[in-house]
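Working notes, beginning with the structure itself.
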Number of protein chains: 2
Amino acid sequence: MTQSDIASEDIATLETAPTRFVEGHGIRFAYRDLGPATGTPLVLLQHFSGNIDAWDPAIVNALATDRPVIAFDNAGVGRSTGQTPDNIADMARDAVAFIDLLGLSEVDLLGFSLGGCIAQQIAAEHPKLVRKLILVGTAPKGGEEHLLAVLQHAFSQTDAPDPRLPLFFTSSSASQSAGLAFLKRAKLRQDDRDTDNGTAVTNPQAKALITWCATPDPGHAMLRAIRQPVLVVSGSHDTMLPADNATAMFKELSNAQLVLYPDSGHGALFQHHEMFVSHVRTFLDAQPAAE
Amino acid sequence: MTQSDIASEDIATLETAPTRFVEGHGIRFAYRDLGPATGTPLVLLQHFSGNIDAWDPAIVNALATDRPVIAFDNAGVGRSTGQTPDNIADMARDAVAFIDLLGLSEVDLLGFSLGGCIAQQIAAEHPKLVRKLILVGTAPKGGEEHLLAVLQHAFSQTDAPDPRLPLFFTSSSASQSAGLAFLKRAKLRQDDRDTDNGTAVTNPQAKALITWCATPDPGHAMLRAIRQPVLVVSGSHDTMLPADNATAMFKELSNAQLVLYPDSGHGALFQHHEMFVSHVRTFLDAQPAAE
């Protein structure tokens, strides 16, 4: 690696970093890694139907200024090979396989929506692998979801330039305007953009999310099994996975803090990206409480 | 003022700053001001039975590194003269008189517990005076309080070195240990310490808080009148003014964000002081959303 390689890697952003590939467990995973070489890597687990380029560069690049950040496509998604499973447990298994292929023994996880369900499963099953957990716009096992109704509504809004405007933002002018700004950021990258997938990905993903919420979890066994520090984040008016999920998770988790944002929907993290980055950083940098 | 005066003022802390006095409206108010001379001042509104020296130096000094911070005794409290009113409206009137005496035309308010009730009243009545509002461990008008029961329990814990340990912290070892650290910080100042008051202050204060919570507020008129950005903060296990108050305020306020901390009681801000300072700073520094 030359000095020039190192320099260009230092300033790599979600929009400019090359997409890399790593293969094992029968899957060739697409990913981008950003940020410094040292520190606990933050692995991002993406939402229903999203790929690497559906992340907000404003969030990813800001977080990558002081920690390694890794965005990837899980099995079957984007340019990753393999089959998209129709259940959270298998998606968690594939994500752990990816983390393992990178040779990482301890990571922080940021799971958004569907990715938040996967993050819960991984954290519960792999207490040593996961140091801290950030759950955004997601639901506990047995939680409340309105995925299909909200999707149907969003895709009926034929005047919306992108279904994510009605899906992720409220109808207020401030939220819609933040939504347009997010879409602009997310569409900046032209070359080597990730592949958008069709129903071969979204059908099993929808089934996984709906089944996760439809499956009762007596005594909140999954949440109780998570002993890591957790930051739970939601928008005030998330129509897909309502904020009551966040409040419920906060109450059942042994060590969680809760942050809810005003006038925001499922994409609260994109709308309030500066505050979100600050909250994530504060949470990840916090030292364990003295006993 | 000499250079040396300015230098010593620059590094003044809650423990070292001189107590100052300002008189008007029939009251001589005791206060300490810290931090730089420019920026929107943050005025602190104290809890039931507390005076200037009941604030946590770790919070006040950290916030004062980049903004003016003013701690004061409201009428009748500590070394301020006058009568402690038995209702929130009159306490708000006195606090506004104090702010007015300092010649401040725009402030941020941080109200803790009883101080949070006063802060709500001021913000609702003085939309131009209050820029942003931080409500910690408090309740809306008509909210839920268990003041007397919790006080009775705390004062029955005769083995506790300070009633604030059972009042403000949970029974976990982490919370109790954070409580002892807080008490140590709050007791550092020896000279020119504020006066602890007796029942001439606590009786009317208790009546004010209990009446505030016992008075229904149809349609949450008070919260609806608050149009400023609000940061609502609570501990997960606040026994005096439960966290459900915070969730309810978040839902009714037009522009609020909610932060709840793990394994913490009424004194969540003291227990999680580093995170709290970071959250307050992020909130106060945030630019208004683009419309």
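Keep in mind that this is a model prediction, so the values were computed, not measured.
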Inset, instruction - Please step through ring-ring contact (aromatic ring centres under 6.0 Å, His included) for the pair H266(A) and F48(A), ending with a clear verdict. - result: CA-CA 12 Å; H266(A) 199 55; F48(A) 168 81; 9.7 Å; no

Legend entry - Modelled atom types, side-chain donor and acceptor of H279(B) and T282(A), under 3.5 Å: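 T282(A) and H279(B) do not have a side-chain donor-acceptor pair below 3.5 Å.
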
Inset, instruction - Establish, from distance only, whether the side-chain atoms of S175(B) and S172(B) form a donor-acceptor pair under 3.5 Å. - result: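 No - no donor-acceptor pair under 3.5 Å links their side chains.
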
Inset, instruction - Mind checking side-chain hydrogen bond (donor to acceptor under 3.5 Å, both in side chains) for T239(B) and listing every partner two or more places apart, or none if nothing turns up? - result: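 Expected list: none.
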
Legend entry - salt bridge (charged side-chain N to carboxylate O under 4.0 Å, His left out) partners of D285(B), counting only residues at least two apart: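 Partners of D285(B) under the salt bridge (charged side-chain N to carboxylate O under 4.0 Å, His left out) test: R67(B).
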
Legend entry - Pairing residues for D263(A) by the salt bridge (charged side-chain N to carboxylate O under 4.0 Å, His left out) criterion, not counting sequence neighbours: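 D263(A) satisfies salt bridge (charged side-chain N to carboxylate O under 4.0 Å, His left out) with no other residue.
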
Legend entry - When M275(B), E274(B), Q176(B) are compared by non-hydrogen pairs under 4.5 Å with chain A, the top option: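 Option with the greatest count: M275(B).
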
Legend entry - chain B neighbours within residues 241-257 of chain A, where any heavy atom lies under 4.5 Å away: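 Interface residues of residues 241-257 of chain A: D244(A), F250(A), K251(A), N255(A), A256(A), Q257(A).
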
